[in-house]
Protein chains: 2
Amino acid sequence: MASSVRPKLPKNYELIYEIVQASGIGRHLTPSDIFAKAHKRRPGIGFSTVYRGLERLCELGLVSELNVPGVGAATYEPSGPRHAHFRCSACGGIEDVAYAIPPRTLKTLALQHGFKIATERVTFEGRCAACSF
Amino acid sequence: MASSVRPKLPKNYELIYEIVQASGIGRHLTPSDIFAKAHKRRPGIGFSTVYRGLERLCELGLVSELNVPGVGAATYEPSGPRHAHFRCSACGGIEDVAYAIPPRTLKTLALQHGFKIATERVTFEGRCAACSF
DNA sequence: TGTGAAAGTGAAAATCACTCTCAGCCCTTC
DNA sequence: GAAGGGCTGAGAGTGATTTTCACTTTCACA
């Protein structure tokens, strides 16, 4: 997909991208996770480089940042089709949910309020199947 | 609504509740804002009390916590009808948006995935009317 | 009213995620 | 191969939040 036209990146950024990609959609890595993995492959890489890389990759749309309330750190995942997230308030686990607000709804809201919507984030909270008992 | 049956709260928590209530729906206060206001009314109140109070009030459903990506601190607002939020990526302003995911959709998703949805958070991001030019 | 247990409290320190700065390095371009 | 710009790592700094602890208040019940 986007990889075919993506601009050349510094090799550390490539590394970060690979790590996030390798985690697969649905896995959610914190910057520290990513730093840990990156550090194994390229000891000496700095924390700031990881943050900078993630920021850049987000701008390019190659990875998505995910901010879940109640979780200290932001998490990152490979960017893919729009979807929502579900967080279990009991075990803290995060699941992907195949749901996106219909484009028509977005359009209507944007018109009503006079703003331009670039992204939407939907997070559900409750108890996952395993914690429901 | 919930106020009629709400359990008796320690007076500091009442104070915090009043402050958030007084801000009105659509205003978004950070813990520091709340602390500042609380401190005026009851000098000597501690920061930890404010955090503890907010946590409790959230649990009771009397106030809602709002975590907006890119904003350092969490913000709080009186709990009211379900609604979404819009954050302008240019000016950082936050607006309320009268939108909630239809209950039927929630039900379907919950059934599909086997979890119980207690709350949903919807945040849009883009440019507000004033920053659109 | 007296009493013990439980809950609440404030201050300060600790933690945690994240940002900033800066001097040096590397890679491209010419 | 020299110049310049982007990239880099380390470490200090920042700001939000949590934890801890000793003390106080509240409450149910005798």
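Chain letters run A, B, ... following the sequence lines, proteins first, then strands; residues in each count from 1.
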Whole-Å gap separating [atom2] ([N]) and [atom1] ([X]):
| X | N | atom1 | atom2 | answer |
| --- | --- | --- | --- | --- |
| B/Phe47 | C/dA14 | CZ | P | 18 Å |
| A/Leu29 | C/dC18 | CG | C1' | 17 Å |
| A/Asn12 | C/dC26 | CG | C1' | 12 Å |
| A/Leu54 | D/dC7 | CG | P | 15 Å |
| B/Ile16 | C/dG8 | CD1 | P | 12 Å |
| A/Asn67 | C/dC18 | CG | P | 8 Å |
| A/Ile34 | C/dA17 | CD1 | C1' | 13 Å |
| A/Asp33 | C/dC18 | CG | P | 11 Å |

Taking OP1 and OP2 of D/dT8, is either one under 4.0 Å from a side-chain nitrogen or oxygen of A/Thr49?
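For A/Thr49, the contact criterion (side-chain N or O under 4.0 Å from OP1 or OP2 of D/dT8) is not met.
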Under 4.0 Å: is that the gap between some side-chain N or O of B/Tyr51 and OP1 or OP2 of D/dT18?
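Answer is no, no contact under 4.0 Å.
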So for A/Ser48 and D/dA10, does any side-chain atom that can act as donor or acceptor lie under 3.5 Å from a complementary atom in the base?
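Donor-acceptor pair under 3.5 Å: yes.
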Measure distances between side-chain N and O atoms of A/Arg52 and base N and O atoms of D/dG9, and say whether any donor-acceptor pair falls under 3.5 Å.
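Answer yes: a donor N or O sits under 3.5 Å from an acceptor.
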Which heavy atom in B/Pro102 sits nearest to a heavy atom in B/Tyr99, and how many Å separate them?
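Looking at all heavy atoms of both residues, the closest pair is CD-OH, 4.3 Å.
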Please find the pair of heavy atoms, one from A/Leu54 and one from A/Val63, that lie closest to each other, and give the distance.
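A/Leu54 and A/Val63 have their closest heavy atoms at O-CG2, 4.2 Å.
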Could you tell me whether A/Arg56 contacts a base, only the sugar-phosphate backbone, or nothing, with contacts defined as non-hydrogen atoms closer than 4.0 Å?
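Answer is sugar-phosphate: A/Arg56 comes under 4.0 Å of backbone atoms only.
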Under 4.0 angstrom, heavy atoms only, what part of the nucleic acid is A/Tyr13 near: base, sugar-phosphate, or nothing?
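The residue A/Tyr13 makes sugar-phosphate contact but no base contact.
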Quick one: on DNA chain D, does B/Ala74 or B/Lys11 contact a more 5' nucleotide (nearest heavy atom)?
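Looking at DNA chain D, the more 5' nearest nucleotide goes with B/Ala74.
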Tell me if the CZ atom of A/Arg82 is crowded by more than 12 foreign heavy atoms within 6.0 Å.
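Yes, the 6.0 Å shell around CZ holds more than 12 heavy atoms from other groups.
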So does A/Leu29 get a backbone contact from the side chain of A/Thr75, meaning a donor-acceptor N/O pair under 3.5 Å?
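No, because the side chain of A/Thr75 does not come within donor-acceptor range (under 3.5 Å) of the backbone of A/Leu29.
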Do A/His28 and A/Asp96 have side-chain atoms, one donor and one acceptor, less than 3.5 Å apart?
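A pair is found: one side chain offers a donor N or O, the other an acceptor, under 3.5 Å apart.
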